[in-house]
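Report on the following structure.
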Amino acid sequence: MEPKEMIRDAQKSINWQITFKVFIIGLIAIVLLIPKFMIIELISERQQTAEITNHEVMQTWSLAQTVRGPVLVVPYIKRSFDSDGKILNEDIMSTYILPKTLNIKGEIAPEKRKRSIYETVVYESGINVAGQFENPDFSSLKIESKDILWEKARVLVAISDLRGINDKIALKWNDSTYAFIPGMDDHQVGSNGISLPLSNLSAQSFPADFSFKLQLKGSESLNFAPLGETTEVTLQSSWNDPGFTGSFLPTDHSISNDGFTANWKVLNFNRNFPQMWKNAEYRMTDADFGVRLVEVADHYQKSSRAAKYGILIILFVFLAFFLNEIITKKRVHPFQYILVGFSVLIFYLLLLSISEQIGFNLAYLISAIAVLLMVLLYSRSFLKTWGNALIQTMILTFSFGFIFVLMQLETLALLVGSIGLFVVLALTMFFTRKINWYGE
């Protein structure tokens, strides 16, 4: 066989070896997806366990609280007549009257409760409620004054979890003070709550100024209903990660490391029920708003997000080792690719287990350093020089650092991530542009 043909056959053999190696590396990356998905599933299971534990703590403390009130309920007699004008029957119906003004000021004192390795945020709150009721115009509802049962009037305040009440509640109505009683038999306002009969109420009792205080325990969130013609709510707390929820956002708020302050102002035009109606014509349970005590992207969410990028890190590392093979002519065995790939996956297991103990950021640093040292020492055993091993380790370091930055960016993660991948691909193209893959 002529020398040229021998060289050509040798080059073809090398080309087939490179192609086969690329195929094997791709196959290894695909196989590593199986343990990657198992790790993501494990993170999900741990998160569900944490949520179950949190709910158990909340159940023993008090659940999320919604305060809806006060609502003045005044019964009236509804009569039906026959064709001769005689009364056939009389039914007692209800009118619902909302305050002219409603001012709520509250202070939330958060507290972290720990069960095993899981932490739950609960709170105690002091809430001052004040406002005024105007004289209701029953004629607008076509109710005659003689049919109004003032002696059966009552004030209702819905509180979603009555176990959170820490002290007795008294209503100051003009110059008189009355004690609320537990229980509320009107589900138009809410499923749980407190009530107060006002048997001495009359048309001459208006306008009526009212106020009461609530010492209320709860967890996760605190919400209110915009029942006033003008409703103003001010909340402040030492919690510095508030989430504003419900039908209305604060008109202004400030958040700092020392906590937050938020102010709402809601008009009756902003909701879908009037200041006064009868029977079940309207629902007032769909306009609640308030604040949620949240931790922005807890360690389970961050670990899950980080693990989803795992295949990208593996591909970066495999690409680096493969290019090192092409440039230095030092072959890397597929089994060595597998061990390096598993070392990346072990990083996510370390991150999950350590972050449950000390938090995400520090766990990320410790896990990354451990894996980087392992990859550095192992790669030196089969690469030509310490320099080559350091280059491979630096690429893995960059990958871990890039993913950590994405974890912190939240809303800009997609933009920065896509730009970063574009830059990495462009640099790979640039540094490999002079490689003669076919040796021609």
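Only a predicted model underlies this, so the values are computations on that prediction, with no experimental measurement involved.
- The closest side-chain heavy-atom distance from F138 to I148 is below 4.5 Å.
- Among W150, Y178, W173, the one residue that satisfies the side-chain hydrogen bond (donor to acceptor under 3.5 Å, both in side chains) test with N200 is Y178.
- Remark: the backbone N or O of S205 is paired with a side-chain donor or acceptor of N174 at under 3.5 angstrom.
- Looking only at distances, no side-chain donor or acceptor of S303 sits under 3.5 Å from a matching main-chain atom of Y300.
- Without hydrogens or angle criteria, T95 side chain to V74 main chain gives a donor-acceptor distance under 3.5 Å.
- Within the 4.5 Å cutoff, the side chain of L102 has heavy atoms near those of the P70 side chain.
- At least one side-chain heavy atom of E124 sits under 4.5 Å from a side-chain heavy atom of W61.
- The aromatic ring centroids of F400 and F347 lie less than 6.0 Å from each other.
- Relative ring orientation between W277 and Y96 is described as parallel, the plane-to-plane angle staying below 30° on a 0-90° scale split at 30° and 60°.
- A pairwise comparison of heavy atoms in F244 and A262 identifies CE2-CB, 3.6 Å as the closest pair.
- Remark: D167 CG to L214 CG distance equals 10.0 Å, nearest 0.5 Å.
- Judged purely by atom type and a 3.5 angstrom limit, T261 has no side-chain atom pairing as donor or acceptor with the backbone of Q236.
- What you find for P334 and I28 is that their closest heavy atoms are O-CD1, 3.5 Å.
- Side chain of E220 to main chain of V122: no donor-acceptor pair is present (N/O by atom type, distance under 3.5 Å, no hydrogens or angles).
- Annotation for K213: atom NZ does not count as buried by contact number, only 12 or fewer foreign heavy atoms lying within 6.0 Å.
- Proximity of a side-chain donor or acceptor of K302 to a complementary backbone N or O of F360 within less than 3.5 Å is not detected.
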**Request:** Check step by step if side-chain contact (heavy atoms from CB on, under 4.5 Å) holds for W264 and L235.
**Result:** CA-CA 9 Å; W264 288 262; L235 293 178; 3.8 Å; yes
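- The shortest distance between side-chain heavy atoms of L383 and I391 does not fall below 4.5 Å.
- Note that NZ of K152 and CD1 of I92 are 3.5 Å apart. Values are rounded to the nearest 0.5 Å.
- Looking only at side-chain heavy atoms (C-beta outward), I40 and Y348 stay at 4.5 Å or farther from each other.
- The closest donor-acceptor contact from the side chain of N192 to the backbone of S160 lies under 3.5 Å.
- At a cut-off of 3.5 Å, with distance as the only test, a side-chain donor of D252 or N263 sits close to an acceptor on the other residue.
- Inter-residue side-chain proximity for Y282 and N272 is flagged as unmet; no heavy-atom pair is nearer than 4.5 Å.
- What you find for S195 and G183 is that their closest heavy atoms are OG-O, 2.9 Å.
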**Message:** With side-chain contact (heavy atoms from CB on, under 4.5 Å) as the criterion, how do N103 and K105 come out once you've worked through the C-alpha distance, each side chain's angles and the decisive distance to 0.1 Å?
**Reply:** CA-CA 7 Å; N103 298 294; K105 294 183 179 180; 5.9 Å; no
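- Although no hydrogens or angles enter the test, the distance criterion places a donor-acceptor pair under 3.5 Å between the side chain of R271 and the main chain of P226.
- Atom CD1 of residue I314 and atom CG of residue L32 lie 5.0 Å apart, to the nearest 0.5 angstrom.
- N240 is not listed as a side-chain neighbour of S256, based on a closest heavy-atom distance of 4.5 Å or more.
- Within 6.0 Å of the CZ atom in R163, the count of heavy atoms belonging to other residues, nucleotides or ligands exceeds 12.
- Rounded to the nearest 0.5 Å, atoms CD (Q392) and OG1 (T397) are 11.0 Å apart.
- Not one N or O on the side chain of Y123 forms a donor-acceptor pair closer than 3.5 Å with the backbone of L216.
- Looking at D209 and Q132, their side chains do bring a donor and an acceptor atom within 3.5 Å of each other.
- In this structure, L376 CG and M394 CE are separated by 10.5 Å, a value rounded to the nearest 0.5 Å.
- Looking at R68, its side chain does come within 3.5 Å of a backbone N or O of V189 through a donor-acceptor pair.
- Of all heavy-atom pairs between K36 and K308, the closest is NZ-O, 3.4 Å.
- Taking the six-membered ring where tryptophan is involved, the planes of F404 and Y364 are tilted, since the angle between them lies from 30° to 60°.
- Annotation for K168: atom NZ does not count as buried by contact number, only 12 or fewer foreign heavy atoms lying within 6.0 Å.
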**Request:** Evaluate the criterion side-chain contact (heavy atoms from CB on, under 4.5 Å) for residue pair Y378 and Q336; output intermediate values, then yes/no.
**Result:** CA-CA 9 Å; Y378 179 65; Q336 292 168 324; 3.2 Å; yes
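- Counting heavy atoms from C-beta on, the side chains of I104 and N128 never come closer than 4.5 Å.
- Summarising the geometry, atom CD belonging to E134 is positioned 8.5 Å from atom OG1 belonging to T101; distances are rounded to the nearest 0.5 Å.
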**Request:** Take I369 and L373 through the test side-chain contact (heavy atoms from CB on, under 4.5 Å) and record every step on the way to the result.
**Result:** CA-CA 6 Å; I369 290 175; L373 286 174; 4.0 Å; yes
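- Ring orientation note: the planes of F224 and F289 are tilted relative to one another, at an angle of 30° to 60°.
- When all heavy atoms of L227 and T231 are compared, the closest pair comes out as N-OG1, 3.5 Å.
- Closest of all the heavy-atom pairs between M184 and G190 is CE-O, 3.1 Å.
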